[in-house]
Amino acid sequence: MRSLILNTGSALIGAAAIVTSLVLFAMQVNIERMPHGLFRRLSADPKLLGSFALAFLLAIGVATLSTFVDQARLAHVMLAVFWAIVFILISFMYAYRRALVLINPLRQLRILIHDTRKELRTWTRRAQRAMPLLEREEAVGATSSLTDSTHDLARTTFFQVNSQWTDGAKRAIRHAMSFARRYAEQGDHEVSGAALNAVIGINAAYIESKGKTFYANTPFVDNPFSSDSFINDTLEHLRQNLQSGIARRDEQQVEQTLQTMAALVRVYLGIDYSSRYAPKSHAQLAAGYLASSVQAVVPHDMADVLLEGQRLMGQSAQYILTHGKPDDITALSEKIAFIACTGCAKKEYHPVTMEGISQLANLTFDLIRSRSHGIHFAVGEVRRDIALVAKLFLKVPDTPLSSSHSTFLGPYYSSTSTQSLRARLTSLVNAILEAEPDNEDAKSVIQNIERWAEGLYQTEKELLLAAIQAKSHFTFDMIHWITGVTEILLAVSNAPACDHHSQNKLQEHARWLIAILTWIPDDKDTISFVENYQMTETLFEAALGARSRGYDDIAKGIRKNLMSWTFKGGKYQTGWNILEKGLCGLAAFALLVGDEEASEMRTEVGTRLSGEGAPEQEIRDRTARAILERAGNLYRQGHWSSQIEVAVDKADHQKLRPLLEEIAGMLMGRSRSS
């Protein structure tokens, strides 16, 4: 028995040596391409080495037990040998499973994050222990400052003295980025994505450890503490990783890098600058890296990556708007518009233009809903960015059946889509109309709508004229968008929560906006093209809508626009019967308002018939005969698709017939006099 135990112990010692060599060699082969620091950390894993040490000790113990074998202690020795062998086998199995865990890259990343957080917490505890001494020193020489009054000055001093406190975190970032590049090159994007998530987690832990020691980069003041080397290194590593993905045309690696930058924007927005007025300078820096990275993708024919980049930029701008100032989103808005313009040069990038317009529409809506009162500059910049993209895209030839202009500019200008800006504004306005007069949120939104509408007519007039010049179906969208937004502005001005000043401003903006429709060029082809989209009907409906809301002055102004359009388009033979339709609509509207309006309309019709640019007599006679025929058949029944016909049908026929006959007589007056 003594020989058996001795031989068994010797065999176990050899087995322990063999297993240790094989497991450590296999593990090191699997992790040999890892960063040097992490390779040393995992190769010297204390749990793995401890399990092998335990196996060696137990094997030596088994061999040693052979010296204690005698008749009295034989049972105890055999029991000890048995359990020693069991624990050796358990130790081998644990070492094997531990080695599998250590060579798992996902596990390695978790170990990396855990160790980094542990190190950062250690530095935080050191700073807390040093605070009493540092606070006494600061109390002797510090000067009071309103901007720095809530900063953790003692911790700031400690971190400045111990500048090496971020070395471990920086090393962990380098290791994680090495993982990301290596596994992306191998096509294992699951691991590369986990590595980039580790970068996000390490940054979050760093911000938590640093606490209230961040300083914002304020304009006109150079603050040496505002620059953060850890954040700068992180963003630079991500930029290099993106360049590597672009060089290999690895779209998934590029998208993962962009998503990481966008996630860091959200993380950096959580930085406490110890002042509610401090700009979120580090989040803006990350957003700048994101925008530049998306722009760097443009020349490389990666439309899907650009679409994802546009969405990430838009989401980042929304987060900045929520946690920062409205003016902070203008740089991202400009980049989104710039990238959206690429669809004007390449047909494959048309969806990029659509996504850019969608993100700018989202930003506009979010600015309007924002509780901040300083959106005037930001909303104006976003509006100009949208106009820039739209004007450039209108230079692209339109498709004959399904208009590409209307489709790709639809997220902002569509009047039929339920996801467009106009549809969402309509829902928002309906909620405002139901709000109580003292509702502060409703008042804030009303003021933001007023700021958004200020100067709106300038960009929309340019777009309408550009659409008409291009003979694009987008003209339909612009006409109905103008009248629709005019109706929205009037509805908001009628809300219970709207004060007198905002009401006057909204009505003024509505007047300027609807007046855009008077700028249509005066030539036959243009008139015929625009009337193809029911300009006469649209103006008539706008006048009725303004009057139904109680704005008689604005309704009267729109009625004058309708009169101007009627005679501008009526002097041409276009086949749309603009003169007849417009005069019938004006007559029905005049009777709806009152006798005074009817008298004023007669006077204005006479003035225009006798003025320069009046329709030729042939057109006037043909129109007069059509009006007389319509006056003699007022009681005909029908399902009208025309609002003018509906208004004529519902008017007081006892008053409408003589008015129409009088208008017809005025049209034929020149031939009668001759």
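Residues Leu539 and Leu517 approach most closely at CD2-CD1, 3.6 Å, considering heavy atoms. Annotation for Val298 and Tyr349: closest pair O-OH, 2.9 Å, computed over non-hydrogen atoms. In terms of heavy-atom proximity, Ala296 sits nearest to Pro299 at O-CD, 3.3 Å.
To the nearest 0.5 Å, atom CG of residue Asn448 and atom CZ of residue Arg371 are 11.5 Å apart.
In this view, Glu604 and Arg559, Arg608 satisfy the salt bridge (charged side-chain N to carboxylate O under 4.0 Å, His left out) rule, not counting sequence neighbours. For Thr536, the side chain to side chain donor-acceptor pair (under 3.5 Å) criterion is met by Glu531, Trp565, not counting sequence neighbours. Taking Glu580 as the reference, nothing meets the side chain to side chain donor-acceptor pair (under 3.5 Å) condition, with sequence neighbours excluded. For His405, the ring pair (Phe, Tyr, Trp, His ring centres under 6.0 Å) test picks out Phe393, with sequence neighbours left out. Phe476 meets the ring pair (Phe, Tyr, Trp, His ring centres under 6.0 Å) test with His473, His480; sequence neighbours excluded. Every side chain to side chain donor-acceptor pair (under 3.5 Å) that Tyr551 has, sequence neighbours left out, goes to Ser493. Scored by the ring pair (Phe, Tyr, Trp, His ring centres under 6.0 Å) test, Trp576 finds no partners at all (sequence neighbours excluded). Tyr572 meets the side chain to side chain donor-acceptor pair (under 3.5 Å) test with Asp522; sequence neighbours excluded. The ring pair (Phe, Tyr, Trp, His ring centres under 6.0 Å) search around Tyr413 returns Phe474, Trp481, not counting sequence neighbours.
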What's the verdict on side-chain hydrogen bond (donor to acceptor under 3.5 Å, both in side chains) for Gln573 and Arg622, showing C-alpha distance, side-chain angles and the deciding distance? CA-CA 10 Å; Gln573 186 63 41; Arg622 186 184 304 110; 2.6 Å; yes
Checking Glu600 against Lys556 for the salt bridge (Lys or Arg N to Asp or Glu O under 4.0 Å) test, could you report, in this order, the C-alpha distance in whole Å, the side-chain angles of both residues, the deciding distance, and whether it holds? CA-CA 11 Å; Glu600 185 176 345; Lys556 186 176 181 179; 3.3 Å; yes
Applying salt bridge (Lys or Arg N to Asp or Glu O under 4.0 Å), run through Arg311 and Glu308 and close with a yes or a no. CA-CA 5 Å; Arg311 284 189 286 267; Glu308 179 66 14; 3.3 Å; yes
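Counting only residues at least two apart or in different chains, salt bridge (charged side-chain N to carboxylate O under 4.0 Å, His left out) contacts with residues 292-303 comprise Asp301-Lys346. Each salt bridge (charged side-chain N to carboxylate O under 4.0 Å, His left out) pair with one or both residues in residues 457-484, not counting sequence neighbours, appears once here: Lys391-Glu462.
Remark: Lys568 NZ is packed, more than 12 non-hydrogen atoms of other residues, nucleotides or ligands lying under 6.0 Å away.
Comment: Lys571 does not engage Glu616 in a salt bridge, judged by the lack of any side-chain N to carboxylate O separation of less than 4.0 angstrom.
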Indicate every side-chain donor-acceptor pair of residues 328-337 with a distance under 3.5 Å to a residue at least two apart or in another chain.
| unit_1 | atom_1 | unit_2 | atom_2 | d |
| --- | --- | --- | --- | --- |
| Asp328 | OD1 | Gln284 | NE2 | 3.4 |
| Asp328 | OD2 | Gln284 | NE2 | 3.4 |
| Asp328 | OD2 | Lys325 | N | 3.2 |
| Thr330 | OG1 | Asp327 | O | 2.9 |
| Ser333 | OG | Asp385 | OD2 | 2.6 |
| Lys335 | NZ | Gln295 | OE1 | 2.5 |

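Leu307 places a side-chain heavy atom less than 4.5 Å from the side chain of Asp304. Here the side chains of Asp595 and Lys655 are in contact, with some heavy-atom distance below 4.5 Å. Looking only at side-chain heavy atoms (C-beta outward), Val485 and Leu425 stay at 4.5 Å or farther from each other.
Side chain of Thr426 to backbone of Arg422: a donor-acceptor contact under 3.5 angstrom is found.
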